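Please read all numbers here as calculations on a predicted model, not as lab measurements. Numbering of ligands and ligand atoms starts at 1, following listing order. Below, each value reflects all heavy atoms present in this structure, side chains not excepted, and no hydrogens, waters or symmetry copies.
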Amino acid sequence: MRRLVARLTALWVFAAAAPSSFGLELDGEAVQGGLIFGQAPTGSTVTYDGREVMVSDKGQFVIGFGRDDSGTVVLEVTEPGTPTQRLELAIAPRDYAIERVDGLPPATVTPPPEVLERIRREATRVAQARAQRDARTDWANGFTWPATGRLSGFYGSQRVLNGEPRRPHYGVDVAAPEGTPVTAPAPGVVTLAEPDLYYSGGTVIIDHGQGLSSTFLHLSSVDATVGQDVAQGDLIGRIGATGRATGPHLDWRMNWLDKRVDPQPLAGEMTQSVE
Ligand SMILES: [Zn+2]
């Protein structure tokens with residue numbers, strides 16, 4: 001359904017602009033936090049609001065939309081020897097809930113001055129890991145849930161921590177017992193594997209290619225090493241409550257370049273659930 005709607009939307013916009021048999025397929029929705037996976041004719045170049053997007057030698061590419069993106073973005077696809085095709089995508093807005101989390105250790109909500117340098121250093125390392133731009137297209141065969149359990153937190157929700165408004169939540173939280181295996185939702189290369197970051201505790205980042213990455217937070221153990229190639233379903237760590245957490249859960253986040261996107265729609269319905 002998701003695929004069909006997106007394709008019809010894209011075709012309609014395109015047809016309105018210039019009818020042709022141009023072979024562009026888009027899978028996904030132009031919605032806040034959403035991703036669109038594209039298939040262009042081999043050899044095409046693609047830009048997104050004027051910014052060049054990585055395209056594989058088979059014509060595959062991905063684009064994403066941030067939590068607060070709005071208005072219309074322009075996708076331009078140029079197949080060698082043909083005029084540039086211009087597609088306007090109107091970003092659908094979403095409603096975000098307010099999530100109140102109480103009982104967090106106060107030092108994790110308002111860190112003491114002596115840890116600010118550590119937090120800054122760790123943020124730089126996370127940013128460097130996410131900035132990698134491997135040409136792989138390991139996202140192409142879809143995503144599975146890295147762990148199953150009760151969904152206890154959602155992308156985009158406005159957070160009020162111990163009564164204080166804080167930054168929105170960017171992951172999907174899966175609550176499950178400490179030690180529950182966490183597996184790679186899609187193949188990729190591990191770009192960060194840290195047992196103890198201040199906010200996120202045990203943390204692993206997997207680069208799925210073309211700027212799309214997954215981050216896994218609060219792990220009780222990290223079972224991956226930087227540079228390791230993982231297959232979908234490989235163990236990468238175990239659920240914990242390390243860093244800023246009130247109980248054991250996995251916080252799964254995704255980034256496309258500098259945009260934070262929502263992992264939840266990619267993994268779809270959770271088929272097996274443990275309480
Ligand atoms: Zn979370």
Which residues share a side-chain contact (heavy atoms from CB on, under 4.5 Å) with Asp196, sequence neighbours left out: Arg118
Just jot down the ring pair (Phe, Tyr, Trp, His ring centres under 6.0 Å) partners of His218, sequence neighbours excluded, or say none. His249
For the Zn ion (ligand 1), check which protein N, O or S atoms are under 2.8 Å away and list them. His169 NE2, Asp173 OD1, Asp173 OD2, Asp251 OD2
With sequence neighbours excluded, residues passing ring pair (Phe, Tyr, Trp, His ring centres under 6.0 Å) with Phe154: none
Can you check salt bridge (Lys or Arg N to Asp or Glu O under 4.0 Å) on Arg120 and Glu117, steps first, answer last? CA-CA 5 Å; Arg120 196 194 55 74; Glu117 170 59 22; 3.0 Å; yes
Pair Asp251 + Arg253, salt bridge at N-O below 4.0 Å: yes
Is a side-chain donor or acceptor of Asn162 paired with a backbone partner of Gly103 at a separation under 3.5 angstrom? yes
